Amino acid sequence: MERNKELNQFDIPLAKRTYLNNSNLILKKKFLIFSPFLLLLFSIGALRLTRNIKLEPLINLNSQAEESDENRILGHLPYTEISKDKLVLIEPNIEVHVDMRDSLLKMREEAKRDGIYLVFLSGYRSVNLQNDIFFSLKSMRNQEASERARVSAPPGYSEHSTGFAIDFGDATQRETDFETEFENTDAFRWLIKNAAKYHFKLSFNKNNKFIDYEPWHWRYEGSIEALKVFETSNRNF
Ligand SMILES: [Zn+2]
């Protein structure tokens, strides 16, 4: 009895252990047999997942870029005219979007402290005014629309109609107003160094493929509305 008991006590755990070990071994064998297939399945799954993750934004970006290119007229993106109640007069003939007034005036004050005298040449322009500028200058200068569009936006396609664009001049060098030579003025050098602090950005730099370099033309990106307005433009450049 005692021996049996001893045996039983000894055997049962052993037997159990053996059984467990056997089943582990079978599982391991099965795993080894199927592991290449599992690895293959896993790899395919992972590859598909990463391809989807990586490719989808690219596809979206491409289609968005193509879409915005289709919306362009002679290289210019469309802009909705600002509603009149968001416009404020900051000096005679210069109206801007209310969002950018404080920042713009503060920037001019700060520039003055550095001995730089910024002139506001043009702020908000209505679609009607842009129509006059685009079509009258075209006939005046005997230029085709595509040539004209390199220096002026067609009506409905100007950043000026949003109220968020401003053209600067240098009070000490007015002969450079609306000229590429404006880039050689102290005013321009000051803007390049400081304008970003006030949320202003040069709209048409030298790398722009559609529109000529306009060192005098800056836009405001210091509010959500402004960022929304220029989202397409920022996405493509
Ligand atoms: Zn401008």
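Worth saying up front: this structure is predicted, and the values here are computed from it rather than measured. Note that ligands are numbered from 1 as they come in the structure, with each ligand's atoms numbered from 1 the same way.
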- Query: Within E214, is some N, O or S atom less than 2.8 Å away from the Zn ion (ligand 1)?
  - Reply: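 Short answer: no, not a single N, O or S atom is under the cut-off.
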- Query: E95 side chain to V88 main-chain N or O, any donor-acceptor pair under 3.5 Å?
  - Reply: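 Absent.
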- Query: Is there a donor-acceptor pair closer than 3.5 Å between any side-chain N or O of H97 and the backbone N or O of F164?
  - Reply: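 A pair under 3.5 Å: no.
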- Item | For the Zn ion (ligand 1): the N/O/S atom of H217 at shortest distance |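 Atom name returned: ND1.
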- Query: In D167, which N, O or S atom comes closest to the Zn ion (ligand 1)?
  - Reply: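 Of all N, O or S atoms in D167, the Zn ion (ligand 1) lies closest to OD1.
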- Task: Report the C-alpha separation of Y220 and D99 in whole Å, then their side-chain angles, then the decisive distance to 0.1 Å, and conclude whether the side-chain contact (heavy atoms from CB on, under 4.5 Å) test is met.
- Result: CA-CA 9 Å; Y220 182 71; D99 285 3; 4.3 Å; yes
- Query: Among all residues two or more places apart in sequence or in another chain, which pass the ring pair (Phe, Tyr, Trp, His ring centres under 6.0 Å) test with F204?
  - Reply: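 Testing F204 for ring pair (Phe, Tyr, Trp, His ring centres under 6.0 Å), a comparison that skips the adjacent residues, returns H217.
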